[in-house]
There are 2 protein chains.
Amino acid sequence: MKLSTKGRYGLTAMLDLALNYGEEPVALKNVAERQGISEPYLEQLIAGLRKAGLVKSVRGAQGGYILAYPPDKITVGDVMRVLEGPLAPVDCVIENEPVSCEKADHCVTRIIWEKIRDSINQVVDSITLQDMVDEYNSMNGQKGYMYYI
Amino acid sequence: MKLSTKGRYGLTAMLDLALNYGEEPVALKNVAERQGISEPYLEQLIAGLRKAGLVKSVRGAQGGYILAYPPDKITVGDVMRVLEGPLAPVDCVIENEPVSCEKADHCVTRIIWEKIRDSINQVVDSITLQDMVDEYNSMNGQKGYMYYI
DNA sequence: ATAAAGCCTAGTTAATAGCTTGGAATTCTA
DNA sequence: TAGAATTCCAAGCTATTAACTAGGCTTTAT
């Protein structure tokens, strides 16, 4: 029941973009540097987010990435589902997918997995990138300088 | 963010024991048969549950396993934590463990992981094996015959 | 005595996470 | 117009882990 580095790196990358929303595009080089992770790997993660329409890219020198929408229109759930796949603890409770297990209608544990799934989704869908930006500013004192991501 | 087979098999095994609570010990052979899984593998899972004090074993012929406490005293969380380890989406929010990350105090994403952790634990800690037994009976009509596990 | 169970330790195998490598395409700037 | 900075793309690699299997010992009801 652990998230992969995709979800973790990707969400902080999105927070980075959110903190720079309205300004110049942010190059992955800088994001990777601030997070202390591999740039080519981050490249792969953000490729998924771009294909999902959550970020836009600007190619060429001085290029980079920007959020496709304002930070208050993007939830943590939007980001995490792209990076981690469906946020369900077991395959038989993935939303909008047919259940292959013939026991499903009589399955007691399935009810528990559904509750876990719903509670996770309730959390991530109720938090936007703007909420994270606000939290960041209140933690780090509106300096405009990026201490920690 | 998926559970392993340990958590899934193990919880249904515990439900099996709960359905037989107060009667003869249940042999793993039968549990494995009802679930359609490997008996030696299930053996390993239940060994953990025994060491954690959640089940008791009766050795020898006609032996088997019984719950160490009444089903209403054992929560899904008790079982899952033994089988899956701490139910935290990332290592830095495992309860009762020192946080090694020096950014922790300024980390915005950490707050999200904590909320996810808490919501998962709230679900699993509020459901007992007895709740599952009751659900099972209402689903399968108190036949005393085990249709599905 | 025998068979049916639990107990224990050590393999094995396939999949996956978490990258790395290498290069092509695009675009700003000098 | 050259070169540097960037995104884009596809493939390969490696260590770890999940999910078992194998084999043998110990205990106990019948």
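FYI, side chains are in, hydrogens and waters are out, and symmetry mates aren't considered; it's all heavy atoms of this structure. So that the names make sense, note that chain A is the first sequence line, chain B the second, and so on, each numbered from 1.
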Just how far, in rounded Å, is [atom2] of [N] from [atom1] of [X]?
X	N	atom1	atom2	value
E43(B)	dG23(D)	CD	P	15 Å
L45(B)	dT21(D)	CG	P	12 Å
I46(A)	dT7(D)	CD1	C1'	11 Å

Does [Y] offer a backbone N or O that forms a donor-acceptor pair with the side chain of [X] under 3.5 Å?
X	Y	result
N20(B)	D16(B)	yes
E84(A)	S4(A)	yes
D78(B)	T75(B)	yes
K2(A)	D91(B)	no

Reading DNA chain C in the 5' to 3' direction, which nucleotide is the first one with an atom under 4.0 Å from a heavy atom of chain B, and which is the last? dA4(C) to dA10(C)
Selection: residues 47-58 of chain A, any non-hydrogen atom under 4.0 Å of DNA chain D: R50(A), S57(A), V58(A)
Closer to the 5' end of DNA chain C via nearest nucleotide, is it E39(A) or K29(B)? K29(B)
Does [X] reach the side chain of [Y], with side-chain heavy atoms less than 4.5 Å apart?
X	Y	result
V55(B)	I66(B)	no
M139(B)	I111(A)	yes
S57(A)	Y65(A)	yes
H106(A)	Y136(B)	no

Under 3.5 Å between N/O atoms: give me all the protein pairs with nucleotides 12-18 of chain D, atom names plus distance.
none

If a pair satisfies salt bridge (charged side-chain N to carboxylate O under 4.0 Å, His left out) and one of its residues is in residues 41-64 of chain B, list it, with sequence neighbours excluded. none
Tell me which residues in residues 82-93 of chain A lie within less than 4.0 Å of DNA chain C, going by non-hydrogen atoms. none
Anything under 3.5 Å between a donor and an acceptor, one on a side chain of residues 123-134 of chain B, the other on a protein residue two or more places apart or in another chain? List them.
unit_1  : atom_1 : unit_2  : atom_2 : d
D125(B) : OD1    : R81(B)  : NH2    : 2.4
S126(B) : OG     : Q122(B) : O      : 3.2
S126(B) : OG     : V123(B) : O      : 2.9
T128(B) : OG1    : Q130(B) : N      : 3.3
T128(B) : OG1    : D131(B) : N      : 3.1
T128(B) : OG1    : D131(B) : OD2    : 3.3
Q130(B) : NE2    : D134(B) : OD1    : 3.0
D131(B) : OD2    : T128(B) : N      : 2.9

With distance as the sole criterion, do the side chain of R59(B) and the base of dT26(D) form a donor-acceptor contact below 3.5 Å? yes
